[in-house]
Participant: 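Before I ask anything, here is the structure I am working with.
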Amino acid sequence: MFGRLSSPAQLEEEVLAFWDTRRIFARVLEQGAGRPPFVFYEGPPTANGTPHNGHVLTRVMKDVFPRYKTMRGFHVDRKAGWDTHGLPVEVEVEKALDIHGREAIEAYGLEPFSRKCVDSVFVYVREWEELTRQIGFWVDLPKAYVTFHRSYVESVWWALSRLFEKGLLYQGHKVVWWWPQGGTTLSAGEVGMGYKEVDDPAITVRFIDAEDANTAFLAWTTTPWTLPSNVALAVGEDVDYALCDDPGREGGTLILAAARAESYGLVPRTTVKGASLVGRRYVPLYDFGPVTPTPQGSGAFIVVAGQHVTTDTGAGIVHTAPAFGEDDMDVARAQGLGILQWIDPAGKFSEGPWKGRFCKEADKDIITELKERGLLFKRDQVRHQYPFCWRADSDPLIQYARPAWFIRTTAFKDTALANNQAVEWHPEHIKEGRFGDFLRNNVDWALSRERFWGTPLNIWTCEACGKREAPASYAAMKAKPNARGFAEGVDEHLAVHKPWIDTVAWDCTCGAPMKRVSEVIDCWFDSGCMPFAQWGWPHQGDAEFKASYPADFISEAVDQTRGWFYSLLMIATMLFDDDTCKEYGVAPVGLPRPYKHCIVLGHVCDMEGKKESKSKGNYTSPNLVLRGKTRLDAFPDANLARGTVGLKAAQLPSLDVGDEPVTLSFTEDGVSLKTKVVVADVKPKDAVHLHPDDLEAIGAPRDGGKIWFRTPGEPPGADAFRWLFCASNAPWSNTRLSIRAIREGQREFLIRLRNVYQFFAIYADIAKGKGHFDPSGKAPRPASQRHLLDRWIASRLNQVVANATTSMDAYDLFGATKELSGFVDDLSNWYVRRSRERFWGEGTDLEDALWTLHEVLSTFARLIAPFVPFTAEALWRELRTEAQPESVHLVAWPDADLSQVDATLVRDMALIRDLASLGLAARATAKLKVRQPLHEATLVLADPSLQSAVEGLSSLLLDELNVHRIDFAADAAKYVQFAVKPDFKKLGKRLGKDMKAVATAIGAMDPLAVKRALDAGGVDVDYAGGTARLAPDEVVVAITPIGEWQAQASTAGVLVISTVLDDALRAEGLVRELVNRVQGLRKDLDLGYSQRIALSVNGPAVVLDAVRAHQALVASETLTTELVLGANIGEAKMVDVDGNEVFLGIELR
RNA sequence: GGGCCUGUAGCUCAGGUGGUUAGAGCGCGUGCCUGAUAAGCACGAGGUCGGCAGUUCAAGUCUGCCCAGGCCCA
């Protein structure tokens, strides 16, 4: 028996259970041992948040290609990984502990804090593992690498140690968003949470020219407290600057951007280019102390050129205080300006008259003081968005330069660019666009972070002589002279973290103690070390590393361009040059490294095209797609009506349930309640509102709790989800996700395919029961001897195999899936549709049909396995023979057998399908339903040479159109008129400018005459520029129907149906109607597909006569062994047959 | 403000190297078929291919500028 396929969600659970009990994934890996490797790197996700739809996309992509390559004969190791370090982790822990800032964390204790971080990174690991399983992502979770594990940290240390030894690590300043009251850096995400609209002073200040006390530069700022730390003024080199009379100073001159003069009420006297101002010196506003020089020098108090200068606001001359702005710092670094930082980390002035005052609070006094000195030109106020601490919202954040460690990546810019050249990016534009651009503008990597939970920077400094060392491992530290302070009795992974690592010390050669710097590192550096750190290399895992470097394939979303794609490439560029490879016994990898192909994924968006985001709530939980249920926080809301559930407005379109109710319950199998979805002011993420009485009704506490939320109908399941991401558009364009879109793709592909299988299963079982079909036996006939339809579908299948293979080898997923959907359409809407009667028959043709469909389906199961692994597995399980592997994922991807491809047949069949369309359209216009047989259809082909092709396949056309005969019109002119036009593509190249004139000329000629001339070998066209002789293949002859014929036309030709009905045809039509009614009754009675019956037909003579004339047909179509006419048997039912009252009786036989 | 991407039917998307009836699915309307039924088929309505210039015999396709949206940076 061929089993029927379960509903998607159930089918998927069954397949998952099968994979588990039969260890299929493990066996796939075992089977791959010894095969050539295809290397895949998992970009580690972080498990301290729930997985969302974007992660589903990534995981699908990371699954499809390894599955494909496995089936193509490669060994694909798939080591999972978890990203566990970094600021987001700390933030989550701070939230959980309700503390914030350096002091609060230190007060809480660094040891328990780090332990909390470890717990936090795996809070949602079960959700991740469950999603990974349900979506069918095969990845080796038990062997996952974890970035905080000691072996991983020590690999990162090795990398840093190498960079240190090469002199590529240096100390400098990095401008960060700083929370002075908390003494902490905030992440970009945290800064984004704290923007408020505030009023700030906006002042324009005179900077007096050092050479000419009458001239002043005007600069504008909203942070007066940064003025004492000014070191330069920046101008745009191409910007026009105006010299104006200073209304506040007799004989004075002001310089500002010409475009801004009017807004200050100033009239330009002359203008000069910014470039001519560069190098002018000015008098510092204050003198609190010397400038701290940068490595390049300290040429402060000078006019410099800056690319960031705009003339949108202010004076078009930018006050530059590198300690308090990133652009300013960049300029300072580039120009060797030096730094002034008269604000301490607590945000207070460290020198001068305002010493001890909080920076922002000193603004007023600074302005007053400048006014007294005559330096204030104008005072305004601006209302703008300014960030505050998201936890303490009265504390403003400031941009603040902190000492930081850098990697001199700029020294590798050229190599990195060359490396990038060798990477195959999908889509291609990333190479020169987003990524190439980023590399060309490379700045040194700011490596260190003044935080707690991260890989500790492994640099130790001697307190006395300043000597520095960067040991590459824990063991190397222990081997140092008088090494001490190693954590005892602490988890080995924690021991390599703060604070335990901070006590490790040893003696310098000078005898003084060496202690570690306090910083941890950017967690992007962690992830970029993943190719070797996942194996703990070079301290361990030598064979594993060497076998898996570099990667053939990685894939992540586009936001990783500056993240993982960069860290991987830059670290590999710096560390794995040929010399290093030789030193470590790694075969030189050359370029690219460490990845060859990268698919850059677009974002998953809502139906408005907005990126799905947690805070907006404009997304659907993947669980609803996969299993139709998810857990949400329910909050009581007495404003809601009973029986309604409140969601965020943004969630409604994504949920896409329309007016249908959703079902809520407290426990998974508990009391359930159907509720209508309404909009409510829901604040938290993943939450709903519910009336307290409703909460109580389902057994939940009245003040809320976690509940189960179920959507109506069958959930689409993992394969439908995967198929959407594979087949709806190219992976790099954004996907607008909705349940509706998932279901649409599901219907078009999965359900259609499933229907074909169910059809096969029904008839294969019947035939098997009669001993007519045995898939484990030998096929009765080779494919070449079978029916045209069989040969056609085999041709199509092998074409699809060839094309899909080519596409997948080129990483063109979308192209491959388009081939597959096209094939399911061919299979369902033509092969099965036109072959139905063959499956009802018997004998060799039945066996051929069953064999063909069986072969096609089992090959197709292999073809779809990488994309929809569940459906593929279920199909394979039903179709495979005992001798074949038990899982489709243990089988090879099919090879295209081009000897089976009959390209002419494929072309001819396309023509027939086109003609069938014409016929159906003609019938529709004539209002003749298909069940009514017609005498004939007359065909005029645009290309008469195709006549024999049509004749060969005409029986298909006869059946599809229900006509008795096809005529090829001898005199085409009787039915159609001709129109001729040039083949623009062919002629355009030859004629060039004359093209238009020739087209006009030929259009004016008698089409019939042109056609005859062409038939005779060519036509001469006279036009303004002379005479052109056109060959037959340079002119397109189009035909259109003439007169009132029941005709339809396409480029293939014209098809005319005869509309004349006689009594015999009517009788035939009646019989087909009657058969249809009997089949309906059989179905109502739920009769088996091969159940024989006795049938009585009683009614008007016209019906009885018709049936009498076609007794054999009626009997065979309805499996009637006894036909009674003009009397009733059993409980006869009245049916309508074309307006006739007919009684049908059925009894089993 | 900069970079990259996108803009084609009401919606979601296809449309190598420029070539003259711009396609599909969904939705809508009409009709049909069906012993595959959680289906299927056909027909119809629906398009100034974001806008404006330019190159060309010929532009959805190439170039420039603009507009709108998305993402990443500032």
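Each chain gets a letter, A, B and so on, in the order the sequences are listed, and its residues count up from 1.
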Participant: In whole angstrom, give me the gap between the C1' atoms of B:rG3 and B:rA39.
Facilitator: 49 Å

Participant: Please tell me if A:Arg736 has a side-chain N or O lying less than 4.0 Å from either OP1 or OP2 of B:rU12.
Facilitator: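 Yes, such a contact exists.
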
Participant: A:Arg747 CZ to B:rU37 C1': how many Å, rounded?
Facilitator: 14 Å

Participant: Which nucleotide wins on minimum distance to the side chain of A:Arg434, given the candidates B:rU17, B:rC72, B:rG40?
Facilitator: B:rC72

Participant: So, using ring-ring contact (aromatic ring centres under 6.0 Å, His included) as the criterion, who are the partners of A:Phe759 when residues are at least two apart?
Facilitator: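 Partners of A:Phe759 by the ring-ring contact (aromatic ring centres under 6.0 Å, His included) criterion, ordered by chain and then number, come out as A:Tyr763, A:Phe839.
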
Participant: At under 4.0 Å between heavy atoms, what does A:Val832 touch on the DNA or RNA strands: base, sugar-phosphate, or nothing?
Facilitator: base

Participant: For A:Asp983, which residues count as a side-chain hydrogen bond (donor to acceptor under 3.5 Å, both in side chains) partner, sequence neighbours excluded?
Facilitator: none

Participant: Evaluate the ring planes of A:Trp425 and A:Phe435, with Trp represented by its six-membered ring, and classify them as parallel (under 30°), tilted (30 to 60°) or perpendicular (over 60°).
Facilitator: tilted

Participant: Over how many whole Å does the gap from A:Ile742 atom CD1 to B:rC26 atom C1' extend?
Facilitator: 15 Å

Participant: Which nucleotide wins on minimum distance to the side chain of A:Arg833, given the candidates B:rC26, B:rA38, B:rA36?
Facilitator: B:rA36

Participant: With a 4.0 Å cut-off on N to O distance, would you call A:Arg333 and A:Glu326 a salt bridge?
Facilitator: no

Participant: May I ask you to decide whether A:Arg4 forms a salt bridge with A:Asp765, counting only side-chain N to carboxylate O separations under 4.0 Å?
Facilitator: yes

Participant: Of the candidate nucleotides B:rG19, B:rA74, B:rA14, which contains the atom at the shortest distance from the side chain of A:Asp327?
Facilitator: B:rA74

Participant: Looking only at side-chain atoms of A:Glu748, point me to the closest of B:rA42, B:rU37, B:rG25.
Facilitator: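 That would be B:rG25.
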
Participant: Can you tell me, in whole Å, how much space there is between the C1' of B:rU8 and that of B:rA14?
Facilitator: 10 Å

Participant: Using heavy-atom distances to pick each residue's nearest nucleotide on RNA chain B, tell me which of A:Ser733 and A:Phe759 is more 5'.
Facilitator: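 With A:Phe759 and A:Ser733 compared, the 5'-side residue is A:Ser733.
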
Participant: Mind calculating the distance between CD1 (A:Ile751) and C1' (B:rU37) to the nearest angstrom?
Facilitator: 11 Å

Participant: Taking atom P of B:rC33 as reference, at what distance in whole Å does atom CG of A:Leu928 sit?
Facilitator: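 Distance check: A:Leu928 CG to B:rC33 P gives 11 Å.
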
Participant: For B:rA36, take OP1 and OP2 only and decide whether either is under 4.0 Å from a side-chain N or O of A:Tyr763.
Facilitator: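 Result: yes.
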
Participant: With respect to the phosphate group of B:rG70, does any side-chain polar atom (N or O) of A:Asn734 fall under 4.0 Å of OP1 or OP2?
Facilitator: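 No, no such contact exists.
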
Participant: Can you name the residues that form a ring-ring contact (aromatic ring centres under 6.0 Å, His included) with A:Trp564, not counting sequence neighbours?
Facilitator: none

Participant: Please measure how far the C1' atom in B:rA9 lies from the corresponding atom in B:rG46, and state the result in whole Å.
Facilitator: 6 Å

Participant: I want to verify a distance call: between B:rG70, B:rU37, B:rA38, whose nearest atom is closest to the A:Glu714 side chain?
Facilitator: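 Of all the options, the side chain of A:Glu714 is nearest to B:rA38.
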
Participant: Reckon A:Arg836 has a side-chain N or O less than 4.0 Å from the OP1 or OP2 of B:rA36?
Facilitator: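 Yes.
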
Participant: Please tell me which of the listed nucleotides, B:rC33, B:rA14, B:rC26, lies nearest to the side chain of A:Val930?
Facilitator: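 Shortest atom-to-atom distance from the side chain points to B:rC33.
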
Participant: Write down the distance separating the C1' atoms in B:rG40 and B:rC33, rounded off to the nearest Å.
Facilitator: 8 Å

Participant: OP1 or OP2 of B:rA14 versus the side-chain N and O atoms of A:Asn729: is any pair under 4.0 Å?
Facilitator: no

Participant: Whole-Å distance between B:rU30 P and A:Arg923 CZ?
Facilitator: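 So the two atoms are 22 Å apart, to the nearest Å.
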
Participant: Using side-chain hydrogen bond (donor to acceptor under 3.5 Å, both in side chains) as the criterion, list what pairs up with A:Tyr757, not counting sequence neighbours.
Facilitator: none

Participant: Map A:Ser6 and A:Leu920 onto RNA chain B by nearest heavy atom, then report which one ends up closer to the 5' terminus.
Facilitator: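 Its nucleotide being nearer the 5' end, the pick is A:Ser6.
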
Participant: Reckon A:Pro716 touches a base, only the sugar-phosphate, or nothing at all at heavy-atom distances under 4.0 Å?
Facilitator: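 The answer is nothing, as A:Pro716 stays clear of every strand by at least 4.0 Å.
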
Participant: What is the separation between atom CG on A:Leu853 and atom C1' on B:rA36, rounded to the nearest whole Å?
Facilitator: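 Result: 11 Å.
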
Participant: Among B:rA39, B:rC72, B:rG70, which nucleotide sits nearest the side chain of A:Asn755?
Facilitator: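 Out of B:rA39, B:rC72, B:rG70, the nucleotide with an atom closest to A:Asn755's side chain is B:rA39.
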
Participant: If you look at every strand shown and take non-hydrogen atoms under 4.0 Å, does A:Ser7 touch a base, only sugar-phosphate, or nothing?
Facilitator: base

Participant: Just call it for A:Val756: base, sugar-phosphate, or nothing, with non-hydrogen atoms closer than 4.0 Å on any strand.
Facilitator: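 Since a base atom lies under 4.0 Å of A:Val756, the category is base.
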
Participant: Between B:rU37, B:rA14, B:rA38, spot the one nearest the side chain of A:Ile762, thanks.
Facilitator: B:rU37

Participant: Reckon A:Asp983 touches a base, only the sugar-phosphate, or nothing at all at heavy-atom distances under 4.0 Å?
Facilitator: nothing

Participant: Would you call A:Glu744 and A:Arg740 a salt bridge, taking side-chain N to carboxylate O under 4.0 Å as the test?
Facilitator: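 Salt bridge flag = no for A:Arg740 with A:Glu744.
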
Participant: How far does the C1' atom of B:rA45 sit from the matching atom of B:rG64, given to the nearest Å?
Facilitator: 38 Å

Participant: Tell me, what's RNA chain B's dot-bracket, Watson-Crick or G-U with both distances under 3.5 Å, | for other-strand, [ ] crossing?
Facilitator: (((((((..((((.....[...)))).(((((.......))))).....(((((..]....)))))))))))).

Participant: When the P atoms of B:rC4 and B:rG23 are considered, how many whole Å apart are they?
Facilitator: 34 Å

Participant: Determine the Euclidean distance between corresponding C1' atoms of B:rA24 and B:rC43; express it in Å to zero decimal places.
Facilitator: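 To the nearest whole Å, 16 Å.
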
Participant: So what does A:Gly563 hit on the nucleic acid, given a heavy-atom distance under 4.0 Å: a base, only sugar-phosphate, or nothing?
Facilitator: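 The residue A:Gly563 makes no contact with any strand.
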
Participant: Nearest to the side chain of A:Ser828, heavy atoms from C-beta on, is which of B:rA36, B:rG70, B:rC13?
Facilitator: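 Closest of the options to the side chain of A:Ser828: B:rA36.
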
Participant: Return the nearest nucleotide to the side chain of A:Lys981; candidates are B:rA42, B:rU17, B:rU20.
Facilitator: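 Among the listed nucleotides, the one closest to the side chain of A:Lys981 is B:rU20.
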
Participant: Can you find a side chain N or O atom of A:Arg931 that sits less than 4.0 Å from OP1 or OP2 on B:rU34?
Facilitator: yes

Participant: Can you tell me how the ring of A:Trp445 sits relative to the ring of A:Tyr566, calling it parallel under 30°, perpendicular over 60° and tilted otherwise?
Facilitator: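 Answer is tilted, since the angle falls between 30° and 60°.
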
Participant: Given the P atoms of B:rA22 and B:rU61, what is the spacing between them in whole Å?
Facilitator: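 15 Å, rounded to whole Å.
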
Participant: Taking it one step at a time, do A:Asp959 and A:Arg838 satisfy salt bridge (Lys or Arg N to Asp or Glu O under 4.0 Å)?
Facilitator: CA-CA 12 Å; A:Asp959 288 344; A:Arg838 302 175 58 210; over 6 Å; no

Participant: For the residue pair A:Pro716 and A:Gln746, what are the closest heavy atoms and their distance?
Facilitator: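 Of all heavy-atom pairs spanning A:Pro716 and A:Gln746, the closest is O-NE2, 3.2 Å.
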
Participant: Separation of A:Leu827 atom CG from B:rG40 atom P, in whole Å?
Facilitator: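 Nearest whole value for this atom pair: 14 Å.
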
Participant: Assess whether a salt bridge exists between A:Glu1117 and A:Arg1072, defined as any Lys/Arg side-chain N lying under 4.0 Å from an Asp/Glu carboxylate O.
Facilitator: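 Result for this pair is no, no salt bridge flagged.
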
Participant: Using nucleotides 54-57 of chain B, report all nitrogen or oxygen pairs with the protein that are shorter than 3.5 Å.
Facilitator:
unit_1: B:rC57; atom_1: OP1; unit_2: A:Lys993; atom_2: NZ; d: 2.6
unit_1: B:rC57; atom_1: OP2; unit_2: A:Lys993; atom_2: NZ; d: 3.2
unit_1: B:rC57; atom_1: N1; unit_2: A:Gly992; atom_2: O; d: 3.3

Participant: Rounded to whole Å, how long is the line connecting atom CD of A:Glu432 with atom C1' of B:rG3?
Facilitator: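 About 14 Å, once rounded to whole Å.
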
Participant: Taking C-beta and beyond as the side chain, do A:Asp994 and A:Tyr1023 meet within less than 4.5 Å on heavy atoms?
Facilitator: yes

